[in-house]
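The structure displayed is predicted, hence computed values, not measured ones.
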Amino acid sequence: MHSVLFVCLGNICRSPLAEAIAQKKVEELAVDVLVDSAGTGDWHIGEAPCEHSIKIAKLHGLDISHLRARKVTQADLEKFELIVALDESNLLHLKKMGAKNLVKLGDFGYEGADVPDPYFFDGFEGFHAVFEMIEVCVNNLFKVKFANKDK
């Protein structure tokens, strides 16, 4: 079985969206891929995704309200075949932790751009752009890494 872990800062905005979009791709492609998400920070452990992330996901037919934030662990670095950082800061943090199987989500459709943290946006509007960016990149990531493999 393949596996992918999406990692952002607090695991309440971007990485839960990436997890849900990726899980939808797993179902669409009928591939055997374990999908999860985590954060490099510990401020939100045990919390549900932020209200705006839940709302934007729901607008796209995805339910992330059951997800709970957790911090990435050393065990994750060994367990997951692929670890996907949502921005440069988290990529560097994961490298310092010793992650080897590491990529940046923006490399799959946005020329290496960081997926901005919408938690710090004023209001809901930025979540549309962030969702679209994550969706494009996750779709491209699956085409490159997981499509038609080990069905």
Side-chain angles (χ1 to χ4, degrees), residues 2-29 33-77 79-97 99-146:
H2 295 289
S3 58
V4 59
L5 179 69
F6 295 94
V7 181
C8 69
L9 186 59
N11 193 216
I12 61 166
C13 293
R14 297 170 290 171
S15 56
L17 290 171
E19 178 182 348
I21 293 166
Q23 188 58 50
K24 183 177 177 186
K25 287 304 294 181
V26 165
E27 293 162 12
E28 287 173 1
L29 297 172
V33 180
L34 170 68
V35 176
D36 200 355
S37 65
T40 56
D42 61 3
W43 309 278
H44 299 290
I45 290 174
E47 292 180 21
C50 73
E51 176 185 342
H52 289 324
S53 285
I54 291 172
K55 182 178 177 183
I56 194 69
K58 195 171 284 188
L59 287 173
H60 289 87
L62 303 171
D63 180 11
I64 63 170
S65 63
H66 64 284
L67 299 177
R68 294 296 176 261
R70 69 181 192 86
K71 188 174 178 184
V72 67
T73 65
Q74 286 295 322
D76 289 329
L77 303 183
K79 175 182 178 181
F80 287 91
E81 173 186 344
L82 184 64
I83 300 173
V84 182
L86 277 87
D87 63 31
E88 192 69 24
S89 173
N90 288 298
L91 182 87
L92 294 174
H93 187 106
L94 290 161
K95 281 183 180 178
K96 286 180 184 174
M97 288 180 70
K100 298 188 182 1
N101 45 346
L102 185 58
V103 297
K104 188 170 157 185
L105 188 60
D107 289 337
F108 295 89
Y110 280 82
E111 299 176 357
D114 285 350
V115 176
D117 191 338
Y119 188 75
F120 298 105
F121 288 8
D122 190 22
F124 183 68
E125 287 310 308
F127 283 79
H128 288 286
V130 167
F131 185 94
E132 181 180 310
M133 184 179 190
I134 293 171
E135 185 174 48
V136 166
C137 293
V138 166
N139 285 334
N140 289 334
L141 172 83
F142 267 73
K143 284 178 192 170
V144 171
K145 298 288 186 181
F146 302 118

Charged N to carboxylate O under 4.0 angstrom, Lys24 versus Glu27?
-> no
Under the side-chain contact (heavy atoms from CB on, under 4.5 Å) test, residues paired with Pro116 that sit two or more places apart | Phe121, Val130, Met133
Between Asp36 (side chain) and Glu19 (backbone), is there a donor-acceptor pair under 3.5 Å?
-> no
Contact check, side chains of Val84 and Val7, non-hydrogen atoms, under 4.5 Å = no
Quick one: are Glu81 and Leu34 in side-chain contact, heavy atoms under 4.5 Å?
-> no
Under the ring-ring contact (aromatic ring centres under 6.0 Å, His included) rule, collect the residues that match up with Phe142, sequence neighbours excluded.
-> Phe146
Who pairs with Gln74 by side-chain contact (heavy atoms from CB on, under 4.5 Å), at least two apart in sequence or on another chain?
-> Leu77, Met97
Candidate pair Ser65 and Asp63, rule side chain to side chain donor-acceptor pair (under 3.5 Å), full reasoning | CA-CA 6 Å; Ser65 63; Asp63 180 11; 2.7 Å; yes
Selection residues 48-61 - residue pairs positive for side chain to side chain donor-acceptor pair (under 3.5 Å), sequence neighbours left out = none
Is there side-chain contact between Val115 and Asp87, with heavy atoms separated by less than 4.5 Å?
-> no
Backbone of Pro118 reached by a side-chain donor or acceptor of Arg14 within 3.5 Å | no
Between Asn11 (side chain) and Arg70 (backbone), is there a donor-acceptor pair under 3.5 Å?
-> yes
Measure the shortest side-chain to side-chain distance between Leu82 and Leu5 over non-hydrogen atoms and say whether it is less than 4.5 angstrom.
-> no
Non-hydrogen side-chain atoms of Phe6 and Val35 separated by less than 4.5 Å = yes
Do Ile83 and Asp76 have side-chain heavy atoms sitting under 4.5 Å apart?
-> no
side-chain contact (heavy atoms from CB on, under 4.5 Å) against Lys71, all qualifying residues, sequence neighbours excluded | Asp42, Ile45
Name all pairs fulfilling the side chain to side chain donor-acceptor pair (under 3.5 Å) condition that reach into residues 106-117, sequence neighbours left out, sorted by first residue then second.
-> Lys104-Asp114
Can you label the angle between the His128 ring and the Phe124 ring as parallel, tilted or perpendicular, going by 30° and 60°?
-> perpendicular
